[in-house]
Amino acid sequence: MTDAAPKTTSTSASATASGPADASAAAKASAAAKASASATDPVPVTVIPANQAPWDDLRTVFGDRGTPHDCQCQWFKLLAKEWRATPRRDREALFRSQTHCGDPDADTTGLVAYLGEEPVGWCAVEPRPEYPRLPKLRIPWTGRDEDPDDPAVWAVTCFVVRTGFRRRGVSRALTAAAVDYAREHGARAVEGYALVTVPGKEIVWGELFVGAQSVYEDCGFTEVSAPTPRRRVMRIDFTG
């Protein structure tokens, strides 16, 4: 790894929860992340903001082929016409500018997960208005009366876990850390747009880029709407 801020000083999935009404949800999220890491792997998952990580670590997570490499976490960031008109190389440049890797004093757009020193995962989490495509989609808003432009509500939109490191607690650790990160940066709520997984039914991994409902539940989220048979809006409100 190249130079970056020490992980010991950054947000992690096992950070102690604090705060008023959100304390139990955040504590549940931290406990779930710790339990997942210890039960599935002797090496704990560490999660830091992307601006504290080297850019090369994110390039490792996104790989050199496949959907994450092609997308560069820009699907929610670009409107449909912009998406089609933006080559992959330009998407990568946008992603690098958004994450501010290696600049701990800058804002960032997500979190990076490590197993030991190995970068293994990514989670996008920001205020909802930072995702221009989100208001155009049906799933987040069906059956709800919400202001898409409310900057106090944050959204977890995307997960990437490297091949070879799945089923080792990485998504849970990222989800738990996203809760802490959103709360610590002033969010009054954080939500995700989860996929319903059914035991015994095969899931194409690409479908899980939004996160599994069970993982959100383990991290303290509750269902607020069911826009389709296979999708759920999951949410934590930090204040009453």
When you look at Arg235 and Glu223, which way does the salt bridge (Lys or Arg N to Asp or Glu O under 4.0 Å) test go after all the steps? CA-CA 6 Å; Arg235 179 164 165 143; Glu223 180 183 319; over 6 Å; no
[atom2] on [Y] to [atom1] on [X], rounded to 0.5 Å:
X: Ile236; Y: Glu191; atom1: CD1; atom2: CD; result: 11.5 Å
X: Tyr114; Y: Asp57; atom1: OH; atom2: CG; result: 3.5 Å
X: Leu94; Y: Gln74; atom1: CG; atom2: CD; result: 5.0 Å
X: Thr175; Y: Leu111; atom1: OG1; atom2: CG; result: 9.5 Å
X: Cys71; Y: Phe209; atom1: SG; atom2: CZ; result: 8.0 Å
X: Cys101; Y: Leu58; atom1: SG; atom2: CG; result: 4.5 Å

In the structure I gave you, are the side-chain heavy atoms of [X] and [Y] within less than 4.5 Å of one another anywhere?
X: Phe76; Y: Trp83; result: no
X: Leu78; Y: Thr86; result: yes
X: Val190; Y: Arg183; result: no
X: Ser214; Y: Thr197; result: yes
X: Val170; Y: Phe159; result: no
X: Tyr193; Y: Met234; result: no
X: Val161; Y: Ser171; result: yes
X: Trp154; Y: Glu130; result: no

Closest non-hydrogen atom pair between [X] and [Y], with its separation:
X: Val156; Y: Ala178; result: CG2-CB, 4.0 Å
X: Arg162; Y: Pro119; result: NH1-O, 2.7 Å
X: Pro49; Y: Thr108; result: CB-CG2, 4.2 Å
X: Ala189; Y: Asp237; result: CB-OD1, 3.4 Å
X: Arg128; Y: Ala155; result: CG-CB, 3.8 Å

Do [X] and [Y] sit in one hydrophobic cluster, given that two such residues count as connected whenever their side-chain heavy atoms are within less than 4.5 Å of each other, even indirectly?
X: Ile139; Y: Leu79; answer: no
X: Val153; Y: Phe238; answer: no
X: Phe221; Y: Val125; answer: yes
X: Val233; Y: Val215; answer: no

Donor-acceptor pair, [X] side chain versus [Y] backbone, under 3.5 Å?
X: Arg172; Y: Cys219; result: no
X: Ser225; Y: Pro227; result: no
X: His69; Y: Gly63; result: yes

Would you check, one step at a time, whether the test side chain to side chain contact (heavy atoms under 4.5 Å, CB included) holds for Leu195 with Arg231? CA-CA 5 Å; Leu195 182 73; Arg231 297 293 294 276; 4.0 Å; yes
salt_bridge(Glu217, Arg232) N-O dist < 4.0 Å: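 Looking at Glu217 and Arg232, the cut-off is not met.
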Give the intermediate values and the outcome of side chain to side chain contact (heavy atoms under 4.5 Å, CB included) for residues Val120 and Val61. CA-CA 6 Å; Val120 295; Val61 171; 5.8 Å; no
Pair listing, salt bridge (charged side-chain N to carboxylate O under 4.0 Å, His left out) test, anchored in residues 97-116, at least two apart: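 Those involving residues 97-116 do not exist here.
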Could you note down all residue pairs passing salt bridge (charged side-chain N to carboxylate O under 4.0 Å, His left out) where residues 66-82 supplies at least one of them, sequence neighbours left out?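 Listed once each, the pairs are Asp70-Arg91, Lys77-Glu126.
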Using the salt bridge (charged side-chain N to carboxylate O under 4.0 Å, His left out) criterion, which residues pair with Asp150? Sequence neighbours excluded.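 Listed in chain order: Arg188.
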Intermediate values then yes/no, side chain to side chain contact (heavy atoms under 4.5 Å, CB included), Glu92 and Arg88: CA-CA 6 Å; Glu92 183 177 38; Arg88 190 212 62 80; 3.5 Å; yes
Does the side chain to side chain contact (heavy atoms under 4.5 Å, CB included) test come out yes or no for Gln213 and Tyr216, once each step is laid out? CA-CA 5 Å; Gln213 181 185 18; Tyr216 283 104; 5.6 Å; no
Side chain to side chain contact (heavy atoms under 4.5 Å, CB included) partners for Ala124, two or more places apart: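 Cys73, Trp122, Tyr131, Thr157, Cys158.
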With Thr163 via side chain to side chain contact (heavy atoms under 4.5 Å, CB included) - residues at least two apart: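 Partners of Thr163 under the side chain to side chain contact (heavy atoms under 4.5 Å, CB included) test: Arg166.
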Using side-chain hydrogen bond (donor to acceptor under 3.5 Å, both in side chains) as the criterion, list what pairs up with Arg59, not counting sequence neighbours.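 Expected list: none.
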